[in-house]
Amino acid sequence: MNMSTKTNASIQARRDNAFARGMGNVYSAFVAKAKNSEVWDVEGNRYIDFGSGIAVCNTGHSHPKIVSAVKQQVENFSHTCLMVNSYEHAVVLAEKLNNLAPGQSEKKSILVNTGAEAVENAIKIARAHTGRRGVLAFTGGFHGRTNMTMALTGKVLPYKHSFGPFPGDIYHLPFPMDIHGVSVSDTIKALTKLTKASIAVEDIAAIIIEPIQGEGGFYHAPAELMQFLRHFCDEHGIVLIADEIQTGFARTGKLFCSEYYDIEPDLVTMAKGIAGGYPLAAVVGKTTIMDAPMPGGLGGTYGGSPVACAAALAVLEVIEEEKLATRALTIGEIFGKRLEQIKSKYPDLVGDIRIKGAMIAIEFVKNGDHDQPNSELTQQVVAHAAAHNLILLSCGFYGNVIRFLPPLTINDDTIQEGMDYFDQLLAKITA
């Protein structure tokens, strides 16, 4: 079929017939090409990408250095299985990740395919190390779509609805959200009650937490909570897992968000931005914990794909050479100024703005009331974004948050252009 005869609508009709409805798509704009922070569909329409494939393309679409590394690797070989015939550049990647992960402890890594796999393996490692069964997670947290990671995820719709039963020995604590009346003190009290009523402290293998909740609404874990969890885990021999899948690889202004808290997690799960769009994930953690499983207990056929490893090494070079952690902070400042202007224009609709580097959120409410989440407005913003040349993502425990995850390589003019479109979009919807 010629490019001229392809339309978004015709491909969407074919997609509806070919894909199960559970794997839907937000936009009926079918991508033909993408470069840095811009995307073009099959009809030639251009979009500014404020989603980065859900925080995957931190280094932008089709970065020349990553494209070159992938091409060279594909010419050499595409697969041998890391657990059968290994390859040096996977070793180099693991060495780099061990060195870059937060904290000074000696570390080791495993490489897998997806964020959910990384989380599953982190739980396996924690259980093998402690000989315990229980795992604590948080309301609003998102950790994946496999059975175990759905159990850890603290949000029913759409991730858990109709998919149970889930594994046992998983418990949820309230995640602090000041604007919704949940304090760190509330979380600590809930933990105390949990260990009296549901699971003994000595049966807890791990606590897993996102330093900034992704799907949950970009709520930031307070430093007080992270410090408390580190002390609590040390006191009771519990493994502290930082899920840095969405916050990692310079997204928040540091390579990993845990660095802001002056703590060292025992294990860190990594994915998304790790390989610039190629499927790769990792668990990196303290050697004494990582080595608990027996040989053969961890791995998978495609884990640590040689092509993805080549891409990941290029990503790390780009982050360092282009100073993308610093760039993330600048991006956050630019977005912050524009979002504050929008808040002053719509004081009854904007409940909060949350920014950590280039992990940016605007929360919509009704009548200026945080207890009245405006999920309807949020849905309209996403639904009309493409017509305003934007790719936007929603999130939130209450479904009322627009999250901005632009590539860290986006230029200032493109940010301003995209925010002009966003301003026009809101004006049209609220007119």
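Scope of the values below: all heavy atoms of this structure, side chains included, with no hydrogens, waters or symmetry mates.
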Worked check of salt bridge (Lys or Arg N to Asp or Glu O under 4.0 Å) between Lys65 and Glu317: CA-CA 9 Å; Lys65 184 178 283 284; Glu317 286 183 19; 3.2 Å; yes
Quick check: are there more than 12 heavy atoms from other residues, nucleotides or ligands sitting under 6.0 Å from CG of Asp420? yes
Looking at CG of Leu93 and NZ of Lys96, how far apart are the two atoms once the value is rounded to the nearest 0.5 Å? 9.0 Å
Does Lys254 make a cation-pi contact with Tyr260, if we ask for NZ or CZ under 6.0 Å from the ring centre and within 45° of the axis? yes
Report yes or no: does Lys35 contribute a side-chain atom to a donor-acceptor pair with the main-chain N or O of Ser62 at less than 3.5 Å? yes
Looking at Glu117 and Lys124, is there a salt bridge between them, counting it only when a charged N and a carboxylate O are closer than 4.0 Å? no
Would Lys160 pass as a cation-pi partner of Phe166, given that its NZ or CZ must be under 6.0 Å from the six-membered ring centre and within 45 degrees of the axis? yes
For the backbone of Ser37 and the side chain of His61, can you confirm whether one donor and one acceptor N or O come within less than 3.5 Å of each other? no
Interatomic distance, Ile415 atom CD1 to Ile360 atom CD1 [nearest 0.5 angstrom]: 7.5 Å
Return yes when atom CD of Glu320 has more than 12 non-hydrogen atoms of other residues, nucleotides or ligands closer than 6.0 Å, and no otherwise. no
Rounded to the nearest 0.5 Å, how far does OH of Tyr421 lie from CG of Leu390? 8.0 Å
Atom CD1 of Ile241 and atom CG of Leu136: how far apart are they, to the nearest 0.5 Å? 11.0 Å
Checking Asp16 against Gln12: is there a side-chain donor and acceptor pair closer than 3.5 Å? yes
Within a reach of under 6.0 Å around CD of Glu106, are more than 12 heavy atoms found that belong to other residues, nucleotides or ligands? no
Distance col, row Phe249:CZ vs Cys257:SG, nearest 0.5 angstrom, shows 13.5 Å
Salt bridge (Lys or Arg N to Asp or Glu O under 4.0 Å) for Arg251 and Glu244? Distances and angles first, verdict last. CA-CA 10 Å; Arg251 172 56 58 183; Glu244 294 257 19; over 6 Å; no
Around Glu376, counting heavy atoms of other residues, nucleotides and ligands shown, do more than 12 lie under 6.0 Å from its CD? yes
Please round to the nearest 0.5 Å and tell me the distance separating atom OG1 of Thr252 and atom CZ of Phe256. 10.0 Å
For Leu408 and Ala250, the nearest pair of non-hydrogen atoms, with its separation, is CD1-O, 3.5 Å
Look only at the side chain of Lys107 and the backbone of Ser105, and say whether a donor-acceptor pair between them is shorter than 3.5 Å. yes
Would you kindly say whether Glu322 and Thr409 are connected by a side-chain donor-acceptor distance under 3.5 Å? no
Begin from the C-alpha positions of Phe77 and Tyr87 and carry the test ring pair (Phe, Tyr, Trp, His ring centres under 6.0 Å) through to its verdict. CA-CA 10 Å; Phe77 63 94; Tyr87 24 92; 5.6 Å; yes
Main chain of Ile54, side chain of Lys272: is a donor-acceptor contact present, judged purely on distance under 3.5 Å? yes
Given the rule in the salt bridge (Lys or Arg N to Asp or Glu O under 4.0 Å) test, do Asp412 and Arg327 qualify, once you have shown the distances and angles that lead to the verdict? CA-CA 10 Å; Asp412 291 2; Arg327 177 61 185 160; 2.7 Å; yes
Side chains of His180 and Tyr398 only: does a donor on one sit below 3.5 Å from an acceptor on the other? no
Please collect all ring pair (Phe, Tyr, Trp, His ring centres under 6.0 Å) contacts where either partner lies in residues 316-361, sequence neighbours excluded, each pair once. Phe50-Phe335, Phe335-Phe404
I'd like to know whether Asp266 forms a salt bridge (Lys or Arg N to Asp or Glu O under 4.0 Å) with Arg230, so could you lay out the CA-CA distance, the side-chain angles of the two residues, the decisive distance to 0.1 Å, and finally the verdict. CA-CA 9 Å; Asp266 296 310; Arg230 181 66 278 172; 2.9 Å; yes
Check Thr149, Asp243, Thr153 against His143 for a side-chain hydrogen bond (donor to acceptor under 3.5 Å, both in side chains) and give me the one that passes. Asp243
Glu417 with Arg46: basic N within carboxylate O range, under 4.0 Å: yes
Run the numbers on Asn98 and Ser109 for side-chain hydrogen bond (donor to acceptor under 3.5 Å, both in side chains), then give the verdict. CA-CA 7 Å; Asn98 296 339; Ser109 296; 2.5 Å; yes
Expected output: side-chain Asn8 to main-chain Phe30 donor-acceptor under 3.5 Å: yes
Testing the basics here: between Ala151 and Ile170, what is the closest heavy-atom pair and its distance to 0.1 Å? O-CG2, 3.5 Å
Sequence neighbours left out, what pairs pass ring pair (Phe, Tyr, Trp, His ring centres under 6.0 Å) with at least one residue falling in residues 360-391? none
Would you say the ring centers of Tyr159 and Phe142 fall short of 6.0 Å from each other? yes
